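Working notes for the structure below.
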Amino acid sequence: MSQIQHYGVNEFTKKSETSAALHAEEILIKGHTVITNALSIEEVKLAITKMEEVYARQLKELDKGTIEKINDTDIARALLVYDDFFLHKVALNAALMEVLNIVLGKYFIIREQNGIINRANSQNYQLKWHRDLLYQHFTASRPFAVSALFCLQDFNEINGGTYLLPASQNTEAFPSEEYILKNEICANAPIGSVIVFNSMLYHRAGHNKSQQDRIGINNMYVQPYIKQAISFPKMLDGKYSDDTFLNTFLGYDSETADNVKSWRMKRFDRKK
Ligand SMILES: O=C(O)CCC(=O)C(=O)O
Ligand SMILES: [Fe+2]
């Protein structure tokens with residue numbers, strides 16, 4: 001017999017048969033969940049080393065002052081372009097994909113993949129509340145964008161683990177200061193886990209009061225009518241495009257057609 005008693009209820013959500021279904025239900029209702037053990041400790045260590053290499057390469061492309069001026073310090077962008085570890089182990093992480101398939105349906109793409117370094121005792125701009133889709137204030141009856149923040153350390157109040165405002169994906173305006181102070185929560189998440197949330201949920205990094213940098217990798221998955229900020233197809237230049245699944249996932253398939261003929265030919269090829 002069920003432990004949950006109720007009366008006057010006609011409509012029910014089906015019992016979650018898998019842990020993925022329960023995670024999906026949490027994202028649907030409160031807007032967030034934590035999947036533990038998504039990465040092993042070895043994978044976490046590898047991710048940190050590789051991410052630092054990518055950031056060092058990107059720092060050589062532009063001078064530090066330029067990056068500082070646009071508030072992009074300590075963010076390593078488009079990681080999977082530089083190393084397929086970030087594609088296979090992180091972006092396509094099996095436990096996460098199982099949840100995304102339920103929440104976003106069959107057709108979604110990756111929009112961003114950023115390594116975030118929250119330095120010990122610094123004022124990172126991600127400390128500010130935001131939605132991952134900036135300037136958007138509408139609400140939607142179902143999720144169309146999901147963020148997944150891999151924790152490469154334990155995330156907690158001390159090292160500035162991510163703060164969330166539960167269910168805020170369902171309210172248009174940014175809530176009042178009093179409401180936020182009363183209802184914000186710190187998503188305590190152990191090393192190797194991934195904090196998965198509706199990208200329209202308000203969130204922020206916390207102040208890192210520890211002696212060690214706090215590192216995460218944020219992945220954002222969207223339905224394909226939302227543009228990538230940085231084009232994976234252009235950066236990858238055809239790499240992975242022969243694989244049917246990756247062709248879709250990386251955004252090759254949903255790129256804007258160059259002209260009427262190529263748009264028609266793409267539809268024609270689909271009918272074959
Ligand atoms: O680092 C965090 O805790 C939050 C990161 C974040 O909000 C983002 O990358 O958009
Ligand atoms: Fe964010």
Side-chain angles (χ1 to χ4, degrees), residues 27 30-36 38-39 44 47-48 51-52 54-55 58 67 70-80 86 90-91 93 96 100 103 110-137 143-169 171 174-175 180 184-210 212-222 226-230 232:
I27 296 170
K30 59 180 182 167
H32 61 96
T33 191
V34 174
I35 305 173
T36 52
L39 294 178
V44 163
I48 294 176
M51 199 185 112
E52 281 166 353
V54 173
Y55 189 50
Q58 293 181 349
I67 294 179
I70 60 162
N71 289 332
D72 213 35
T73 307
D74 295 333
I75 304 181
R77 296 199 175 263
L79 296 172
L80 64 84
F86 295 110
V90 182
N93 184 273
L96 173 61
L100 294 178
V103 177
I110 182 152
R111 179 179 190 250
E112 292 187 35
Q113 188 186 48
N114 303 319
I116 315 277
I117 309 167
N118 186 354
R119 300 262 179 220
N121 277 308
S122 93
Q123 285 295 327
N124 184 316
Y125 88 103
Q126 299 287 6
L127 293 180
K128 296 178 183 162
W129 287 102
H130 62 280
R131 286 178 159 150
D132 277 348
L133 287 156
L134 305 183
Y135 303 109
Q136 300 311 306
H137 284 283
F144 56 89
V146 171
S147 299
L149 182 60
F150 283 79
C151 306
L152 305 186
Q153 269 112 21
D154 291 331
F155 271 37
N156 53 43
E157 278 107 339
I158 298 162
N159 70 2
T162 309
Y163 284 72
L164 309 168
L165 200 56
S168 56
Q169 76 276 10
T171 302
F174 186 52
I180 291 167
E184 67 174 4
I185 60 160
C186 178
N188 283 302
I191 185 165
S193 58
V194 50
I195 304 168
V196 192
F197 54 97
N198 185 318
S199 303
M200 294 294 277
L201 181 105
Y202 281 108
H203 61 280
R204 66 174 173 90
H207 187 207
N208 184 354
K209 290 171 271 193
S210 78
Q212 204 191 10
D213 297 346
R214 195 233 58 187
I215 304 180
I217 300 176
N218 194 15
N219 299 256
M220 190 172 167
Y221 305 87
V222 294
I226 297 175
K227 268 202 306 201
Q228 293 169 339
I230 300 166
F232 283 117

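Note that ligands are numbered from 1 as they come in the structure, with each ligand's atoms numbered from 1 the same way. No experiment lies behind these values; they were computed from the predicted model shown.
When NE2 of H130 and NE2 of H203 are joined through the Fe ion (ligand 2), the resulting angle is 90° to the nearest 10°.
The pair R77-D72 meets the salt-bridge criterion, since a charged nitrogen lies less than 4.0 angstrom from a carboxylate oxygen.
At least one heavy atom of R214 sits closer than 4.0 Å to an atom of ligand 1. Heavy-atom distances between L149 and ligand 1 reach below 4.0 Å in at least one pair.
Neither the backbone nor the side chain of I75 comes within 4.0 Å of ligand 1, counting heavy atoms alone.
Against a heavy-atom cut-off of under 4.0 Å, N218 is close to the following atoms of ligand 1: 8 (C), 9 (O), 10 (O). Against a heavy-atom cut-off of under 4.0 Å, I116 is close to the following atoms of ligand 1: 1 (O), 9 (O). Set against the non-hydrogen atoms of D132, the atoms of ligand 1 under 4.0 Å away are 10 (O). Every atom of ligand 1 with a heavy atom of T162 under 4.0 Å away is listed here by number and element: 2 (C), 3 (O).
Here the side chains of L152 and I217 are in contact, with some heavy-atom distance below 4.5 Å. Residues K128 and R204 fail the side-chain proximity criterion, which asks for heavy atoms closer than 4.5 Å. In this structure, L133 and I226 have side chains that are in contact, with non-hydrogen atoms separated by less than 4.5 Å.
Atom CD1 of I67 sits in a crowded spot, with more than 12 heavy atoms from other residues, nucleotides or ligands closer than 6.0 Å.
The closest donor-acceptor contact from the side chain of N93 to the backbone of A38 lies under 3.5 Å.
Restricting D132 to its N, O or S atoms, the one at the least distance from the Fe ion (ligand 2) is OD1.
At under 3.5 Å, a nitrogen or oxygen of H203, whether backbone or side chain, sits near a nitrogen or oxygen of ligand 1.
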* Under the side chain to side chain contact (heavy atoms under 4.5 Å, CB included) criterion, do K209 and E157 qualify, and how do the steps go? -> CA-CA 8 Å; K209 290 171 271 193; E157 278 107 339; 5.5 Å; no
